[in-house]
Amino acid sequence: MRNTFKTLLSKIHLNSIKHKIFILFIIISILPLLVLTTINYINSVSVLKDELGKSNKALLVQTAENLDNTLEIIEDKMWSLKMLDMKNSNRYIGDLGNENKFGSSQALDDLSFVMDLLGSYADTSKYIDSIYLYSISQKYLVSSRLKVKIVDNIEIYDWYQKAVEGDGKIVWIATREVEDIDTGFTKQLISAALLVKNNMGDIIGTLCINLRSEIIEDLTENIDIGDEGFILICDEKGNIINHKDKNLISTNMRSHEYIEKILSNNEGSFECAIQNDNFIVNYFTSPYTKWKFATILPSSELNYKIFIKSLSSILVCIACIPVAIFFSLIISNNLYTPIKVLKNAMRKAAEGDFSAKIEDIGKDEFSELNESFNTMVKNIDDTIKELYRTRLLKKEAELKALQSQINPHFLYNTLDSMYWMARLSRTEELSIMISAFSKFLKINLSKGRDIISIKEVIEEIEHYLTIQKYRFGDKFDVVIDVDQELYNYSMIKFIMQPMVENAIYHGIERKKGKGMIKIIGRRVQDHIKFSVIDDGIGMSQERLEQVMESIDKGMEDRNFALVNISKRIQAVYGDEFKINIKSREGLGTEVEVEIPIIRYEDS
């Protein structure tokens, strides 16, 4: 295959990038086929989902209507029983079996009539399991199975409780496990309960019709929802009436997310995960019972239908792909070679290697680009070298100038202190002070280096404070709290010492009584933060604003030390690193500086 590609490439001679792009566009004409295939697939998904939603909704509506019609027939029987009782002055419910009112013979006849009537009603539908009529005055519970029993604790039956809650309206109770009053066996039943009142509004009894759960199974068993799909029915509280898993019938599943979604709206559709499988759910609410009817279809079945419907276009697209790849390799290889050469040269230039040069490898427009690139790189290299040399000289001159401004100020004060110590013959203290001063100068000289380690900075401050202690005596105490992990990093000279000096002369010296200076150094993410805090006289808000303005504008006529520090930091580390000051009059001042983390190298 590789030899075939080389043979074809050797026969193709394109001297113009225009021609190459033209042929490339011809090859790219395969893209419309890919686009059409994709659009067809997307439309198939949309259409099938829409059709599925419509068909499933129609199916759910029809299923709900079929069930509602059956339940309406049951309700009609209940209403007819109630109306029969009302026409006969409540003798069949309210006064059923009342011997004191009708006599024993008539009471027995009424009981017999009611049992026969209930039995005949139960025989009208294969789904009716039993019918109960309860008379509150006599506490008779009459069954459609021609049985009568006295029940004193009728309140224990859920159908009676629901009838009372319905207060004269028929209440449907979802499938649940029920103990048969006549036989004692447990069954899964759906019940309709009705509280019966007389014309005065007094409760005289209840009616209950129990339906076998097969009524739901018969309605749903022949409905095609795919191989793995099924119809779910639950009441408005999440009690399962019908489910593929029969063990879940009569259980409450409201805690399941997809059941909660079904209960949240009257109708709709959504996709969800059930036991780690994806399903498409369409649901509908019966306006009659308020029960929820839902189709649960695995997404895999829908995807399979989509795949089958789109198979022909997919096959055509697949057949075209090898052809497109074949020609794309030929054209892209021929087109990419000069681009690759230019890209590699540009990468070298981006990494700072401005010696990169492209040899002429063709006669098309890339030759012009290569020539222009070579010229551009040479000009950039010359310009950068000149600019770097100029800026380096300028920065070095600025640093030296700033440093020279700081040194004389401290030197004068130190020599003045030594002079008075000599006058007062404090020779031992003078020797210590001279030693500290010599070490201070040694660090400052640093073999001409402007960058020193933070360890050296701290030593410089300690020597400086030793000198100042002799000058000011017990005027102040000092706490140096700098993380030792910072010692191996670097910073420019004459930053911390002027900050400490500023705290002494402008904060502590003017304070009545003894003062405290804290020097703190911490790492904050990718920066190092130093703080010099004194409890001296502080500054008013107005004065603080003036100082910050002087620093921002670089006005050296005022606040000389702080302006000088700010300029040095910005000259070395950039404008984003500045000095910050917090102060309250009478409480003290905190001066902060941040510098980038740069490991110290002694060179």
Side-chain angles (χ1 to χ4, degrees), residues 70-71 73-166 170-198 202-215 250:
T70 303
L71 299 184
I73 294 173
I74 301 300
E75 288 194 4
D76 290 342
K77 296 182 185 299
M78 298 188 77
W79 289 118
S80 63
L81 284 171
K82 179 180 178 181
M83 294 304 296
L84 178 64
D85 182 64
M86 292 179 64
K87 289 180 179 179
N88 290 275
S89 303
N90 304 124
R91 68 183 297 168
Y92 296 130
I93 299 180
D95 295 317
L96 181 65
N98 190 339
E99 296 181 1
N100 295 328
K101 186 172 182 178
F102 301 108
S104 60
S105 176
Q106 184 61 48
L108 289 174
D109 288 344
D110 288 347
L111 279 173
S112 177
F113 172 77
V114 169
M115 284 190 291
D116 291 340
L117 184 62
L118 296 181
S120 65
Y121 273 26
D123 292 338
T124 59
S125 174
K126 67 176 181 178
Y127 298 119
I128 296 179
D129 178 79
S130 57
I131 303 177
Y132 296 132
L133 185 153
Y134 182 72
S135 174
I136 289 189
S137 62
Q138 304 302 313
K139 297 186 178 179
Y140 283 150
L141 180 65
V142 183
S143 169
S144 60
R145 298 193 183 99
L146 306 182
K147 293 184 178 181
V148 180
K149 63 190 300 186
I150 295 176
V151 178
D152 293 321
N153 56 343
I154 192 67
E155 296 84 2
I156 66 171
Y157 298 104
D158 63 342
W159 55 265
Y160 178 82
Q161 298 170 7
K162 295 294 184 181
V164 172
E165 292 175 8
I170 294 177
V171 179
W172 283 99
I173 309 169
T175 306
R176 78 272 189 226
E177 297 287 341
V178 179
E179 181 181 341
D180 191 296
I181 297 176
D182 297 324
T183 65
F185 296 122
T186 300
K187 301 178 179 179
Q188 285 190 338
L189 299 175
I190 300 172
S191 302
L194 174 65
L195 188 71
V196 182
K197 299 180 181 181
N198 60 21
D202 299 323
I203 300 173
I204 59 175
T206 53
L207 284 170
C208 175
I209 297 181
N210 295 313
L211 304 179
R212 299 183 181 92
S213 59
E214 287 84 356
I215 188 173
S250 77

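None of the values given here were measured: they were computed from a predicted structure.
- The side-chain heavy atoms of Thr124 and Lys77, taken from C-beta on, include a pair separated by under 4.5 Å.
- A distance of 16.0 Å separates OH in Tyr160 from OG in Ser191, rounded to the nearest 0.5 Å.
- In this structure, CD1 in Ile150 is found 9.0 Å from NZ in Lys139, a value given to the nearest 0.5 Å.
- Contact annotation: the side chain of Arg212 never approaches that of Ile128 to less than 4.5 Å [non-hydrogen atoms, C-beta and beyond].
- Within the 4.5 Å cutoff, side-chain heavy atoms of Thr70 are placed close to those of Ile215.
- Within a 6.0 Å sphere centred on NZ of Lys162, other residues, nucleotides and ligands contribute 12 heavy atoms or fewer.
- Here Ser130 contributes atom OG and Asp180 contributes atom CG; the two are 5.5 Å apart, rounded to the nearest 0.5 Å.
- With rounding to the nearest 0.5 angstrom, the CG atom of Asp202 is 9.0 Å from the CD1 atom of Ile204.
- Side-chain atoms of Ser80 and Tyr121 include a donor-acceptor pair closer than 3.5 Å.
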Please walk me through it: do Met115 and Ile131 pass side-chain contact (heavy atoms from CB on, under 4.5 Å)?
CA-CA 10 Å; Met115 284 190 291; Ile131 303 177; over 6 Å; no
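- Inter-residue side-chain proximity for Leu211 and Ile74 is flagged as met; some heavy-atom pair is nearer than 4.5 Å.
- Pairs engaging residues 149-158 under the side-chain hydrogen bond (donor to acceptor under 3.5 Å, both in side chains) rule: Asp158-Arg176 [sequence neighbours left out].
- The shortest distance between side-chain heavy atoms of Lys187 and Glu177 does not fall below 4.5 Å.
- Scanning both residues, Trp159 and Ala193, for their nearest heavy atoms gives O-CB, 3.2 Å.
- Residues Tyr132 and Asn210 share a closest heavy-atom pair of CE1-ND2, 3.3 Å.
- At least one donor-acceptor pair closer than 3.5 Å links the side chain of Tyr134 to the backbone N or O of Val151.
- Shown here for Gly166 and Val171, the closest heavy-atom pair between the two residues is CA-CG2, 3.5 Å.
- One distance of note links SG of Cys208 with CG of Leu195; it measures 12.5 Å at 0.5 Å rounding.
- Rounded to the nearest 0.5 angstrom, Trp79 CH2 and Leu207 CG are separated by 9.5 Å.
- No side-chain heavy atom of Ile154 sits less than 4.5 Å from a side-chain heavy atom of Ile136.
- Contact check for Thr206 versus Val196: no side-chain heavy atoms found under the 4.5 Å cut-off.
- Side-chain contact between Ile181 and Leu141 is present, with heavy atoms from C-beta onward closer than 4.5 Å.
- Closest heavy-atom contact between Asp129 and Arg145: OD2-NH2, 3.0 Å.
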Let's go through Val178 and Thr186 carefully: what are the C-alpha distance in whole Å and the side-chain angles of both, what is the deciding distance for side-chain contact (heavy atoms from CB on, under 4.5 Å) to 0.1 Å, and is it a yes or a no?
CA-CA 5 Å; Val178 179; Thr186 300; over 6 Å; no
